[in-house]
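Data first, discussion second: the structure below is written as structure tokens.
Atoms within a ligand are numbered from 1 in the order they appear, just like the ligands themselves.
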Amino acid sequence: MVREWDPRTASSAEIGSVLDTLNAVLAADLPQDPPWREDSLREYLSEVMPGERRISWVAEDDPPAGGGHGTILGHVHVLLLGDIGVLEVLVHPAVRRSGLGRELVRTAARRVYQEGFQSIGVEVVGDTPAIGFYSSLGFTREYVETRSVLDLGTVDWTALTEMAAGVDPGYHLEFYPGGPSDDLIEAYARAKAEVRDVDDGELRPSSYDPQRLRDSLDTLHRRGMKPYIVLALQERTGTVAGLTEVVVPVQHPTRADQYDTIVVRDHQGYGIDRAIKARMLLELRSAEPELTEVQTWNAQANEAMLKVNAELGYQADRDWCEYSVDVAELVHRLDAQR
Ligand SMILES: CC(C)(COP(=O)(O)OP(=O)(O)OC[C@H]1O[C@@H](n2cnc3c(N)ncnc32)[C@H](O)[C@@H]1OP(=O)(O)O)[C@@H](O)C(=O)NCCC(=O)NCCS
């Protein structure tokens, strides 16, 4: 049975059941990824940016004879933002290939259609059943990135310390656990605006205006995801010349996510990208003692970033794709397949 589900009011048993399915999915599809923990999972599933909405459904097996809910074996949610619905679907490996995934997509797609949205996007991990699944539903690939993972156990910390110090003397680096201080937000947002072109086509929106940036940092905190920032500041002007962002989610604190790294065009060629990334890893080593890995996503065309990542020891792991489909076409196709 598929029913609409609100993680904010769900019982702890239901949250635990979603977690079990998520971890079974990870064990089957991405066995090298760390299992998730229950810490702030409810908030992770319910908190959104201002102006966005997330609608969720679960599929469960038969409820126990004495009443109550069954075990959750499938979960779908759609995040409504701009004119697109971003979909996430999970089906427990024990019940795959029985049409449940398609049923969950049908339920979500109908709602997205009723809400007047044009298209649905989804992140699809290379070399997993999701590729065949979304292709069978008429989704097409829009964009592909490479996920790379750095095992901190392989890092040469002495070389990294030299890299962090290797920035041109016209600049200095600053570390901000929790996010940039409020007086730096405007300069930070200006620097982030530079990646707009690079990020075009990505589902993960970048934050460029100061209020959106504040909202985005606040949302991260509410979802249990702790941001860390290293900034490169130009000595002479105080301008933000470069920044790098890492988020440590409380749901999987052994593996952090590297978000944007940006060097503002006028400040390129001064060793800033290497230095800020190296400094970040040095800081994380003491700030997050549980951390053992960092993962990052890069466009395959971004050769400069891939080169720096390779120097730091990142190993390419998987293709990470964005697929999309026209909502009306999807609803039509799914209804015709019934
Ligand atoms: C992708 C996923 C949702 C599919 O769920 P499912 O219930 O097995 O899918 P369905 O049974 O509805 O399959 C519908 C159609 O999709 C296609 N399909 C599904 N799995 C497939 C596979 N492994 N290979 C090829 N095609 C596949 C088939 O055409 C299938 O129809 P058929 O069984 O009649 O041939 C499920 O595998 C899953 O949860 N994957 C993890 C997704 C994810 O987001 N992971 C993130 C971390 S890895």
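The OG1 atom of Thr261 sits 4.0 Å away from atom NZ of Lys277, with the distance rounded to the nearest 0.5 Å. To the nearest 0.5 Å, atom CD1 of residue Ile272 and atom OG1 of residue Thr244 are 12.0 Å apart. Going from atom CH2 of Trp297 over to atom OG1 of Thr146 covers 12.0 Å, rounded to the nearest 0.5 Å. Between atom CD1 of residue Ile276 and atom CD of residue Glu283 there is a gap of 13.0 Å, rounded to the nearest 0.5 Å.
Cation-pi geometry between Arg223 and Tyr44 is satisfied (NZ or CZ under 6.0 Å from the ring centre, within 45° of the ring normal).
Residue Pro129 touches ligand 1 through backbone and side chain together, judged by heavy-atom distances below 4.0 Å. Contacts with ligand 1 closer than 4.0 Å are made by backbone heavy atoms (N, CA, C, O) of Ser98 only, the side chain lying farther away.
The N/O atoms of Thr128, backbone and side chain alike, include none that comes under 3.5 Å of an N/O atom in ligand 1. At least one N/O-N/O distance between Val91 and ligand 1 falls below 3.5 Å. Here's the thing with Arg102: one of its N/O atoms is less than 3.5 angstrom from an N/O atom of ligand 1. Checked by distance only, ligand 1 and Gly99 come closer than 3.5 Å through their nitrogen or oxygen atoms. Every N/O-N/O distance between Val95 and ligand 1 stays at or above 3.5 Å.
Here the heavy atom of the protein found nearest to atom 13 (O) of ligand 1 is Phe133 CD1, 3.7 Å. Looking only at heavy atoms of the protein, atom 24 (N) of ligand 1 is closest to Arg97 NH1, 3.6 Å. Scanning the protein heavy atoms around atom 46 (C) of ligand 1, the nearest turns out to be Leu90 CD2, 4.4 Å. Looking only at heavy atoms of the protein, atom 36 (C) of ligand 1 is closest to Arg96 NE, 3.5 Å. Protein heavy atom in closest approach to atom 16 (O) of ligand 1: Ser136 OG, 3.2 Å. For atom 7 (O) of ligand 1, the nearest protein heavy atom (residue, atom name, distance) is Gly101 N, 2.8 Å.
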Evaluate Glu47 against Arg54 for salt bridge (Lys or Arg N to Asp or Glu O under 4.0 Å), listing each step before the verdict. CA-CA 8 Å; Glu47 295 292 342; Arg54 186 186 286 113; over 6 Å; no
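Not a single donor-acceptor pair under 3.5 Å links the side chain of Thr21 to the backbone N or O of Val18. A distance-only check finds a donor-acceptor pair linking the side chain of Gln258 to the backbone of Glu245 [under 3.5 Å].
Atoms of ligand 1 found under 4.0 Å from any heavy atom of Asp29, numbered from 1 in the order shown, are 40 (N), 41 (C), 48 (S). Those atoms of ligand 1 that come under 4.0 Å of a heavy atom in Val25, given as number and element, are 41 (C), 45 (N).
Using 4.0 Å as the threshold, Glu88 has no heavy atom nearer than that to any atom of ligand 1.
For Glu290 against Pro253, the heavy-atom pair with the smallest separation is OE2-CG, 3.9 Å.
With atom 48 (S) of ligand 1 as the reference point, the heavy atom nearest to it among Leu73, Val89, Leu30, Val124 is part of Leu30.
Asn309 pairs in a side-chain hydrogen bond (donor to acceptor under 3.5 Å, both in side chains) with only one of the listed residues (Asp273, Asn302, Asn298), which is Asn298.
The existence of a salt bridge linking Arg147 and Asp33 is confirmed by a sub-4.0 Å separation between a basic side-chain nitrogen and an acidic carboxylate oxygen.
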